[in-house]
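So the structure is just underneath, and the comments pick up after that.
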Amino acid sequence: MFVIYHNPRCRVSRTVLEHLKETGKEVEIINYMSLRLTEKELKKLLIELHISPLELVRKNEDLYKKEYKGKAFSDEEWVHILCKNPRLIERPIVKKGYRAYICRSIETVNQIINS
């Protein structure tokens, strides 16, 4: 079973989801844009990703550039910011078991499928 944290407006996220479906894998879809993550859920996901909150931030997003770039925030503050502004979360995120991955390419998805 795979879980995808999906933004339906994102081309890459749609492509990764379609690829997972084409491989016949069972996929649970979490639209984190409409069903916002709680801080507890995001912290758990960060542990499964093995990254810090700052590493999950989409730094090319206009909101980041206007409001957050160049400012220092603690991990707790970043978690709060990301939960409040889910469009800042890098996507898509695919979970398999107790491990999660940021999947910006089909190659990454294939590595997860074959692991």
Side-chain angles (χ1 to χ4, degrees):
M1 165 81 125
F2 291 81
V3 177
I4 183 170
Y5 291 83
H6 176 61
N7 178 348
R9 297 186 67 200
C10 173
R11 179 188 51 80
V12 173
S13 193
R14 290 190 310 267
T15 300
V16 167
L17 176 58
E18 187 61 33
H19 184 69
L20 282 169
K21 287 180 176 180
E22 287 172 358
T23 62
K25 302 298 181 189
E26 186 178 343
V27 182
E28 177 185 351
I29 303 166
I30 298 175
N31 180 344
Y32 68 90
M33 295 299 289
S34 62
L35 179 66
R36 294 188 178 201
L37 298 171
T38 66
E39 290 187 18
K40 183 177 177 181
E41 290 169 329
L42 182 59
K43 286 177 185 178
K44 182 178 182 227
L45 189 56
L46 287 164
I47 290 168
E48 293 167 332
L49 284 163
H50 298 272
I51 63 173
S52 71
L54 182 58
E55 292 173 278
L56 191 58
V57 175
R58 292 177 49 84
K59 295 175 182 73
N60 288 329
E61 199 63 49
D62 284 340
L63 177 62
Y64 171 79
K65 292 176 185 176
K66 290 177 185 174
E67 300 290 327
Y68 303 107
K69 185 177 181 178
K71 297 180 182 176
F73 296 99
S74 68
D75 284 353
E76 282 294 320
E77 290 169 321
W78 273 119
V79 167
H80 180 75
I81 291 165
L82 289 168
C83 287
K84 185 178 173 187
N85 303 286
R87 70 180 173 190
L88 289 176
I89 296 174
E90 190 62 72
R91 59 191 177 253
I93 298 168
V94 175
K95 255 181 70 167
K96 179 182 178 186
Y98 296 103
R99 186 74 167 97
Y101 308 84
I102 298 172
C103 293
R104 299 291 304 157
S105 71
I106 295 301
E107 291 78 23
T108 303
V109 177
N110 286 334
Q111 289 174 358
I112 297 165
I113 289 170
N114 296 320
S115 67

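Sequence positions, counted from 1, serve as the residue numbers for this chain.
Within the model, atoms CD1 of Ile4 and CD1 of Ile93 stand 9.5 Å from one another, a figure rounded to the nearest 0.5 Å. Of the inter-residue distances, the one linking Asn60 atom CG with Lys69 atom NZ reads 9.0 Å to the nearest 0.5 angstrom. The structure places NZ of Lys44 at 7.5 Å from OH of Tyr98, a figure rounded to the nearest 0.5 Å.
Heavy atoms only, all atoms of each residue included: Ile106 and Val16 are closest at CD1-CA, 4.3 Å. Shortest non-hydrogen contact noted between Lys96 and Ser115 is NZ-O, 2.6 Å. Across all their heavy atoms, Ile89 and Tyr32 have their closest contact at O-OH, 3.4 Å. Here the closest non-hydrogen pair linking Leu42 and Cys83 is CD2-SG, 3.8 Å. Scanning all heavy atoms of the two residues, the minimum distance from Arg104 to Cys10 falls at NH1-SG, 4.5 Å. Here the closest non-hydrogen pair linking Cys103 and Thr108 is SG-CG2, 3.9 Å.
A search for side-chain hydrogen bond (donor to acceptor under 3.5 Å, both in side chains) contacts involving Tyr68 returns Asn85, not counting sequence neighbours. Applying the side-chain hydrogen bond (donor to acceptor under 3.5 Å, both in side chains) rule to Asn110 yields the partners His19; only residues at least two apart in sequence or on another chain are considered. With sequence neighbours left out, the side-chain hydrogen bond (donor to acceptor under 3.5 Å, both in side chains) criterion links Thr23 to no other residue. When the side-chain hydrogen bond (donor to acceptor under 3.5 Å, both in side chains) test is applied to Glu76, the partners found at least two apart in sequence or on another chain are Lys43.
Glu22 CD: more than 12 foreign heavy atoms inside a 6.0 Å radius.
The shortest distance between side-chain heavy atoms of Leu37 and Pro86 does not fall below 4.5 Å. For the pair His6/Pro92, no side-chain contact is recorded, criterion being any heavy-atom separation below 4.5 Å from C-beta on. Looking only at side-chain heavy atoms (C-beta outward), Met33 and Arg87 come within less than 4.5 Å of each other.
Under the 4.5 Å side-chain heavy-atom criterion for Ile, Leu, Val, Met, Phe, Trp and Tyr, Ile102 and Leu20 are members of distinct hydrophobic clusters. Ile30 is not connected to Phe2 by any chain of hydrophobic side-chain contacts under 4.5 Å among Ile, Leu, Val, Met, Phe, Trp and Tyr, and they are in different clusters. Under a hydrophobic clustering in which Ile, Leu, Val, Met, Phe, Trp and Tyr are joined whenever their side-chain heavy atoms come within less than 4.5 Å, directly or via other members, Trp78 and Tyr5 fall into the same cluster. Transitive grouping of hydrophobic side chains (ILVMFWY, heavy atoms separated by less than 4.5 Å) brings Val94 and Val27 into a common cluster.
For the pair Arg36 (side chain) and Lys84 (backbone), a donor-acceptor distance under 3.5 Å is present.
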Side chains of residues 46-59: which donor-acceptor pairs under 3.5 Å do they make with residues two or more places apart or in other chains?
unit_1	atom_1	unit_2	atom_2	d
Glu48	OE1	Lys95	NZ	3.3
Glu48	OE2	Lys95	NZ	3.3
Ser52	OG	Glu55	N	3.4
Ser52	OG	Glu55	OE1	3.1
Glu55	OE1	Ser52	N	2.7
Arg58	NE	Glu61	OE1	3.1
Arg58	NH1	Glu90	OE2	3.4
Lys59	NZ	Leu54	O	2.8

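Pairs of residues two or more places apart, or lying in two chains, never qualify as salt bridge (Lys or Arg N to Asp or Glu O under 4.0 Å) while including a residue from residues 1-21.
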